[in-house]
Every structure is written in structure tokens, then in C-alpha cells.
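Counting convention: from 1, in listed order, for ligands and their atoms alike.
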Amino acid sequence: MTETPKTALTIAGSDSGGGAGIQADLRTFFACGVHGLTALTAVTVQNSVGVHGFTEIPADVVAAQIETVAGDMGVNAAKTGMLATAEIIATVAATVDAVGIGRGRRVPFVVDPVAASMHGDPLLREEALEAIRTELLPRATVVTPNLDEVRLLTGISVTEETVQREAAEALLAFGPQWVLVKGGHLAGSTRCVDLLSDGTHVVELEGRRYDTPHTHGGGDTLASAVTAHLAKGLGVPDAVSVGKRFIERCVAESYPLGQGVGPVSPFWRLAPDSPAPTD
Ligand SMILES: Nc1ncnc2c1ncn2[C@@H]1O[C@H](COP(=O)(O)OP(=O)(O)O)[C@@H](O)[C@H]1O
Ligand SMILES: Cc1ncc(COP(=O)(O)OP(=O)(O)O)c(N)n1
């Protein structure tokens, strides 16, 4: 019999194009060697060109999915992606509290504050932004905003790397333990820096910037890789550092698909001689 792997739970929406959302999360969990559990929050009608609409799942069904898997299989780490509405956010907050997920609790909780797709299509109802600030950020072990989400949550426009630190401070004021300010949208440099801070320790995670338009699902893939490594028992700085190396390679191996933006790819992890993610 094989040893039972660690489990990682994603609370997120479906991307019918398979590049982002729950599909990217499951693919990444598999590539990182953890068993993926899901609580679906919304179904998007999405392809490489954009999001053409979405329907949310009733909040009580979202809660029931979390409770059902947590009560039976156990969760070693969890993450959020698209949560769509203030009602779903409030329900997720109450449910993770009830099952022991979140900052200061047994199970680490990665909050990816997804607000819009890379095409600019909304994935969060406008009135739900305040619920992310008040209900989710104080419960987060790590929050992983991109620069658009930083602006929406704090009002700070990060136009150069030096401002990432100020943005992290502003986000820490909402109560997460760690903040990872992603720098993917800071074009014009050969490097791609994500800044991790808990207010005391500040780490610049530098990677190479690849000249490709095909980065769909990058944020989800990074947050899932971090969640998978937290599930395996790594601390936050180590899990984020491994996650950054993982996404860098996934961007390097991204591929065109459809008429628009293609997905990042973890297929390299399936090569027989590929290094373990912790190498
Ligand atoms: N062109 C690129 N080359 C290398 N890494 C990238 C590139 N674009 C984004 N990344 C990395 O992918 C991750 C997601 O970044 P970002 O694009 O900022 O978030 P999101 O996908 O949520 O909009 C980050 O770790 C970022 O550094
Ligand atoms: C269903 C769903 N969830 C999340 C996203 C956003 O994905 P993300 O990896 O944060 O970023 P982009 O690929 O949009 O840059 C999505 N599109 N769909």
C-alpha cells in the first residue's frame, strides 16, 4: 500500500479553458505531490480571450464542500481563489474558522485575493472587495496579491520595485501574517521580483522574467505551489521560495492555446529526470 499523501484544499472557481482557477490548482497540487481537495465557488465561461460570464455556487454548498472534506480526509493546507461575492467570502471565513483553517490555527491558509482576470474581466462583485479586506485578510497565513489587487485593496499604485515594500506594509495592516506582493505586472526589466514580508522579515524573491504573453493561470499556480509546500510542512519563507522557483519554470514552459493568452505549464514536472520541487 502507498503512503497517504498530504492534502491541500482549494476554494475557487472553475475556468472552462483549463488554464487558471480550480483546474490550475489541481494540476499544481498533483505536480507538487499532494492530494487536491476542492470547494467550487463559481463556474466561469472562459477561454483564452476572456471571461464571458460566471454563475456562483450557493454559499451553503460552498460551506458544505469544505466541511465534508475537512471532516473526513483532513486538510493540511488551504487556499482561496475566485470567491465571487461578499456572501461567499463571509461563509468561507466562518467555515474555515469552524474547521481550524487560518492564521493562528492548525492549518495554513493562503489567500489569493482574485478580483479580475488578466483580460480585465471581473471575477469578484464590486461590493465584495471590503469583505476580502475585513473577512479574509485577517485570517490569512499568506496573502498573494498581484499589483492590480494591491491597488484595489490599498489604493497604492506599484510602478517600480521600491514601492512593493510600502504596499506590503499597507496590506499587513489588514491583519495577514505574511504578504507576498507579486511583481509579474512590473514589465520593463529582465528580472521578476516578488516581495515577501511579515513586517519584520522582508525577502526579495528574484527570478528571471520571460518574454512571453502566455502567463494565464500564473497567480493561481504560484499560490497553489505555496499551499502544497505548506501542506508538506515547510514554513512560509521556504514554501514561497520553492513556489517562486516552480512558477518561474512553469512560465518558461508556457504554451500558446486558442486565439488569446495561453497557460503556464507544470508539464516539466512529469519528465522522468525532473527535480523534486524541494530540490
Ligand atoms: N513574464 C514572467 N516571467 C517570469 N515570471 C513571471 C512572469 N510573469 C509573472 N511571473 C511570475 O508569476 C507569478 C504570478 O505573477 P503575477 O503575474 O504578478 O500575478 P497574477 O497571475 O495573479 O496576475 C509571480 O511569481 C511572478 O513573479
Ligand atoms: C476561475 C478563475 N480563477 C482565477 C482566475 C485568475 O487567474 P490568475 O492565475 O490569478 O491570473 P490570470 O491568469 O487571470 O492572470 C481566472 N482567470 N479564472
Side-chain angles (χ1 to χ4, degrees), residues 10-28 38 40-57 79-84 88 110-124 142-152 158 161 164 167 180-196 203-226 240-254 257-258 260-266:
T10 172
I11 307 166
S14 160
D15 168 6
S16 50
I22 220 145
Q23 289 84 352
D25 296 344
L26 282 178
R27 199 164 49 221
T28 305
T38 62
L40 190 65
T41 57
V43 176
T44 71
V45 179
Q46 184 170 177
N47 60 17
S48 69
V49 179
V51 180
H52 307 285
F54 69 79
T55 303
E56 54 264 18
I57 304 294
K79 77 168 280 272
T80 61
M82 174 187 184
L83 295 179
I88 292 178
V110 177
V111 172
D112 188 6
V114 172
S117 77
M118 66 193 314
H119 314 89
D121 303 313
L123 295 169
L124 185 72
V142 200
V143 60
T144 63
N146 67 22
L147 297 187
D148 294 329
E149 290 151 0
V150 166
R151 189 177 38 76
L152 287 170
V158 179
E161 282 171 19
Q164 279 174 290
L180 180 68
V181 177
K182 297 177 293 190
H185 298 204
L186 267 183
S189 159
T190 53
R191 59 185 216 149
C192 193
V193 177
D194 299 344
L195 185 116
L196 178 69
V203 187
E204 275 192 9
L205 296 139
E206 182 177 340
R208 188 170 148 194
R209 179 178 293 278
Y210 291 93
D211 186 15
T212 173
H214 302 303
T215 58
H216 181 45
D220 291 331
T221 300
L222 171 65
S224 300
V226 171
V240 171
S241 166
V242 175
K244 172 71 174 167
R245 277 183 283 139
F246 183 85
I247 183 62
E248 192 182 359
R249 182 81 187 265
C250 293
V251 174
E253 310 257 335
S254 69
L257 181 68
V261 179
V264 302
S265 169

Say you draw a straight line from [atom1] of [X] to [atom2] of [Y]; how long is it, rounded to the nearest 0.5 Å?
X    : Y    : atom1 : atom2 : answer
Q46  : D121 : CD    : CG    : 8.0 Å
T38  : I22  : OG1   : CD1   : 5.0 Å
D112 : I11  : CG    : CD1   : 12.5 Å
D194 : E204 : CG    : CD    : 10.0 Å
L205 : I247 : CG    : CD1   : 13.0 Å
L123 : D15  : CG    : CG    : 9.0 Å

What residue and atom, counting heavy atoms only, is the protein's closest point to [atom], and at what distance?
atom                    : value
atom 18 (N) of ligand 2 : Q46 NE2, 3.1 Å
atom 12 (O) of ligand 1 : I247 CG1, 3.5 Å
atom 3 (N) of ligand 2  : G21 CA, 3.6 Å
atom 21 (O) of ligand 1 : G219 N, 2.9 Å
atom 22 (O) of ligand 1 : K182 NZ, 2.8 Å
atom 5 (N) of ligand 1  : C192 SG, 3.7 Å
atom 14 (O) of ligand 2 : M118 N, 2.9 Å
atom 9 (C) of ligand 1  : G184 CA, 3.6 Å
atom 9 (O) of ligand 2  : D220 N, 2.9 Å

Numbering the atoms of ligand 1 from 1, which are under 4.0 Å from a heavy atom of [X]?
X    : result
D194 : 24 (C), 25 (O), 26 (C), 27 (O)
R209 : 1 (N), 3 (N), 4 (C)
V251 : 2 (C), 3 (N), 4 (C), 5 (N), 6 (C)
Y210 : 1 (N), 2 (C), 3 (N), 4 (C)

Distance under 4.0 Å to a non-hydrogen atom of [X]: what atoms of ligand 2 satisfy this?
X    : answer
G13  : 1 (C)
G217 : 9 (O), 12 (P), 13 (O)
S14  : 1 (C)

Polar-atom distance check: T215 versus ligand 1, any N or O pair below 3.5 Å?
no

Looking only at distances, can you tell me whether any N or O atom of H185, backbone or side chain, sits closer than 3.5 Å to an N or O atom of ligand 1?
yes

Partner of T28 under side-chain contact (heavy atoms from CB on, under 4.5 Å), chosen from T221, D220, T10:
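Exactly one pass, corresponding to T221.
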
Checking V150, L180, V158 against Q164 for side-chain contact (heavy atoms from CB on, under 4.5 Å), the one that qualifies is V158

Any non-hydrogen atom of M118 lying under 4.0 Å from ligand 1?
no

Answer whether the closest heavy-atom distance between the side chains of [X] and [Y] falls below 4.5 Å.
X    : Y    : answer
P145 : R151 : no
V240 : V203 : no
V181 : L147 : yes

For ligand 2, find out whether one of its N or O atoms is nearer than 3.5 Å to an N or O atom of D112.
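No, no N or O pair falls under 3.5 Å.
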
Report the member of E248, R191, R208 with the shortest heavy-atom distance to atom 4 (C) of ligand 1.
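Shortest heavy-atom distance from atom 4 (C) of ligand 1: R208.
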
Please find the pair of heavy atoms, one from A84 and one from A42, that lie closest to each other, and give the distance.
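Nearest heavy atoms, A84 then A42: CB-CB, 4.4 Å.
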
Among the heavy atoms of G81, does any lie under 4.0 Å from an atom of ligand 2?
no

Side chain, backbone, both or neither: which applies to T221 and ligand 2 if a contact is any heavy-atom pair less than 4.0 Å apart?
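Contact part for T221 vs ligand 2: neither.
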
Under the criterion side-chain hydrogen bond (donor to acceptor under 3.5 Å, both in side chains), I'd like the reasoning laid out for H52 against N47: C-alpha separation, chi angles, the key distance, then a yes or no.
CA-CA 8 Å; H52 307 285; N47 60 17; 3.1 Å; yes

Just do the side-chain hydrogen bond (donor to acceptor under 3.5 Å, both in side chains) check on S14 and Q23 with the steps written out, would you?
CA-CA 7 Å; S14 160; Q23 289 84 352; 3.0 Å; yes

